[in-house]
Amino acid sequence: MPQTYIKELSKHVGLSVVLKGWVYNSTNKGKLNFIIIRDGTGLCQCVLFKPNVGDEVFQKSLQLTQESSIIITGKVKEEKRSPGGFEVEIEKFEIIQIAEPYPISPKDHGIDFLSENRHLWLRSSRQHAILKIRHELIRSMRDYFDNNGFTLIDGPILTPAACEGTSTLFETEYFDLGKAYLTQSSQLYAEASAMAHGKVYSFGPTFRAEKSKTRRHLTEFWMIEPEVAFADLNDNMDLAEDFLEYIIQRTLKNKKSELEILERNTSFLEKVKKPFPRISYDDAVKILHKKNIPFEWGNDFGGADETIISQAFDRPVLIHRYPSVVKAFYMKRDPENEKLALALDVLAPEGYGEIIGGSQREDDLNLLLKRIEEHKLPMEAFNWYLDLRKYGTVPHSGFGLGLERTVAWVCGLEHIRESSPFPRMIHRITP
RNA sequence: UCCGCAGUAGCUCAAUGGUGGAGCAUUCGGCUGUUAACCGAAGGGUUGUAGGUUCGAGUCCUACCUGCGGAGCCA
């Protein structure tokens with residue numbers, strides 16, 4: 001008989017099925033033994049009644065420890081007393097392995113212990129739900145771009161130089177060619193690709209060797225970066241807005257039960273619909289000043305500042321036209337004010353901070369040369385990038401969205417570490 | 001990197017400078033409806049490491065290690 005997945009049990013009521021999975025928990029009560037099985041698609045309570053299966057089978061079932069692997073044959077019935085509403089009455093079962101005492105019990109554990117056991121922690125229903133939502137977000141992001149004329153063109157992970165600062169790069173030897181660095185962003189490559197394909201996106205891991213230790217930083221995280229030729233700042237904002245609405249609304253619709261497992265209050269997520277508020281950096285500074293926050297014009301917003309700004313709105317807020325001094329060299333200046341860059345950040349609601357950063361890019365060769373000099377960057381590293389402004393330069397724009405921050409926001413996580421299956425942080429490289 | 005906090009049984013935590021305990025997990029026994037079951041019993045310890053103070057240190061002091069919370073920087 002073929003394996004039935006727990007997710008499909010409702011279609012097999014009254015029938016005999018084969019379940020393959022792991023013991024999630026078990027309780028025996030004299031002549032009754034309850035075994036909760038998980039198979040990756042859900043949980044199902046299975047029950048043995050001693051007089052029905054006989055002494056030998058019943059005794060064998062009492063040996064099953066948490067996370068023992070097992071194949072069960074039994075009949076599906078509706079049962080109100082069972083979590084999930086269905087129950088399998090076990091007729092026979094085959095033990096694949098009796099698991100050793102499992103370190104993660106159903107009681108409380110500290111974060112250090114759970115992180116150390118991340119490879120096992122993934123099995124718990126909360127972590128399972130988070131990674132299902134992560135998957136849905138990834139699928140919806142790719143579908144959005146794939147269905148809107150974008151071509152996927154990924155940048156390299158090993159790169160010859162920094163595109164912003166060098167102190168935050170992971171470094172490695174590269175044969176006879178000196179040092180290579182793990183990418184911080186595929187953006188420059190996305191710009192090159194956009195000049196070939198018009199609308200492109202890249203999606204891959206990025207690395208930051210920042211010694212930062214906060215609830216919203218990983219040293220390795222995934223970023224999705226669209227880049228569009230002939231798009232200005234407003235087009236870029238339109239894209240960010242439409243994109244966010246799509247991925248959030250689709251995830252809300254398709255991952256209801258997972259959000260319930262996480263006990264996520266989705267009221268803020270439901271409001272993620274166009275149009276989002278669009279405010280300038282100047283307006284954002286005014287919001288801080290109105291709340292009596294001492295903030296100096298020209299600085300970038302800190303985590304606490306972002307939270308205060310985002311709390312003034314009930315949906316993601318787009319902040320545009322930042323002081324150019326706090327932004328990257330490749331961002332185009334505002335023609336109406338030299339001190340401003342045509343930059344764009346999107347702050348998620350509920351204090352989840354910056355999930356998108358982007359800009360219209362500098363498309364003038366001479367201005368770009370000037371910026372590289374001002375930032376004291378090694379000119380020779382950017383020769384190929386400068387070519388993009390020599391051979392048919394056009395206005396273009398793009399942004400990057402941090403996947404893990406988005407997952408943390410959608411799932412309502414207190415710390416970004418739960419948003420990645422195997423998070424990499426300053427003080428953790430294992431498992 | 002800086003500031004703060006912590007490290008005791010497999011896990012979560014107690015223990016006034018004076019005999020290191022409990023709950024869960026594990027093992028054994030009991031129970032026909034458990035939902036993190038319950039009841040009874042047992043096993044389980046170089047108190048992060050190295051020094052120091054003291055008649056006596058899990059507890060006080062110093063250094064180090066490891067982790068956690070926060071800041072700066074960023075997505």
Side-chain angles (χ1 to χ4, degrees), chain A residues 24-36 43-52 58 62-63 65-67 79-85 87 89 98-117 120-121 124-125 164-165 167-169 183-187 205-225 240 299-306 322 326-328 344-348 352-358 399-409 414-417 419-420 425-428 430:
Chain A
Y24 194 71
N25 202 0
S26 65
T27 322
N28 88 82
K29 207 176 170 313
K31 296 191 173 74
L32 274 171
N33 192 10
F34 298 98
I35 300 167
I36 296 175
L43 296 175
C44 173
Q45 176 167 287
C46 302
V47 63
L48 288 112
F49 184 43
K50 196 170 178 177
N52 291 354
F58 192 79
L62 295 179
Q63 297 169 11
T65 54
Q66 192 183 354
E67 291 302 317
E79 172 58 68
K80 279 182 194 156
R81 292 171 292 188
S82 172
E87 185 172 85
E89 210 166 314
I98 299 288
E100 291 180 28
Y102 190 63
I104 302 178
S105 68
K107 294 275 181 180
D108 291 340
H109 297 285
I111 188 60
D112 182 31
F113 176 77
L114 290 171
S115 299
E116 206 62 56
N117 289 284
L120 302 175
W121 189 22
S124 71
S125 53
E164 315 162 36
S167 61
T168 61
L169 285 164
T183 183
Q184 289 189 308
S185 161
S186 287
Q187 188 212 303
T206 53
F207 306 86
R208 305 276 166 98
E210 291 157 7
K211 292 186 175 171
S212 53
K213 200 186 150 322
T214 80
R215 64 180 64 194
R216 36 200 204 210
H217 284 85
L218 297 172
T219 56
E220 175 181 329
F221 65 96
W222 283 61
M223 191 152 64
I224 195 158
E225 297 173 278
N299 290 339
D300 208 347
F301 303 121
D305 303 322
E306 288 179 353
Y322 280 69
V326 300
K327 290 294 180 184
L344 152 73
D345 279 6
V346 179
L347 303 187
Y352 280 93
E354 185 183 346
I355 50 168
I356 282 181
F399 62 81
L401 172 135
L403 173 65
E404 283 79 3
R405 281 192 184 173
T406 307
V407 173
W409 164 41
E414 276 182 24
H415 197 293
I416 196 167
R417 63 188 153 218
S419 68
S420 169
M425 287 168 295
I426 180 167
H427 285 130
R428 186 169 296 284
T430 55

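Each chain gets a letter, A, B and so on, in the order its sequence line appears, and its residues count up from 1.
- Applying the ring-ring contact (aromatic ring centres under 6.0 Å, His included) criterion to A:Trp121, with sequence neighbours excluded, gives no partner residue.
- Between the NZ atom of A:Lys213 and the P atom of B:C5 there is a distance of 14 Å, rounded to whole Å.
- Using a 4.0 Å heavy-atom criterion, one finds that A:Lys50 contacts no nucleic acid atom at all.
- Under 3.5 Å, the side chain of A:His217 and the base of B:C74 form at least one donor-acceptor pair of N or O atoms.
- Going from atom CD of A:Gln184 over to atom P of B:C73 covers 16 Å, rounded to whole Å.
- Nucleotide B:U12 holds its C1' atom 15 Å from the CH2 atom of A:Trp121, rounded to whole Å.
- Not counting sequence neighbours, A:Asp300 has no partner by the salt bridge (charged side-chain N to carboxylate O under 4.0 Å, His left out) test.
- Residues passing the side chain to side chain contact (heavy atoms under 4.5 Å, CB included) test with A:Glu89, sequence neighbours excluded: A:Val47, A:Asn52, A:Lys77.
- Within the 4.0 angstrom heavy-atom criterion, no nucleotide atom of any strand lies near A:Asn33.
- For A:Glu116 and A:Arg428, the salt-bridge test passes: some basic side-chain N is under 4.0 Å from an acidic carboxylate O.
- Contact between the side-chain N/O atoms of A:Arg417 and the OP1/OP2 oxygens of B:G67 is not found at any separation under 4.0 Å.
- By the ring-ring contact (aromatic ring centres under 6.0 Å, His included) test, A:Tyr102 pairs with no residue at all, sequence neighbours left out.
- Looking at A:Arg216, its side chain has no donor and acceptor atom pair within 3.5 Å of the base of B:C73.
- Heavy atoms of A:Thr214 sit under 4.0 angstrom from at least one base atom.
- Contact annotation for A:Ile356: backbone-only contact, meaning every heavy-atom pair under 4.0 Å involves sugar-phosphate atoms and none involves a base.
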Per-nucleotide protein contact string for nucleotides 23-33 of chain B, where B marks a base within reach and S marks sugar-phosphate only (heavy atoms under 4.0 Å, - for neither): -S------BBB
Under the 3.5 Å Watson-Crick or G-U criterion, the dot-bracket string of RNA chain B, with | for inter-strand pairs: (((((((..((((....[..)))).(((((.......))))).....(((((..]....))))))))))))....
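- Residue-level contact check: A:Gly353 touches neither bases nor backbone, having no heavy atom under 4.0 Å from any strand.
- Annotation: B:U12 and B:C68 have their C1' atoms spaced 15 Å apart (nearest Å).
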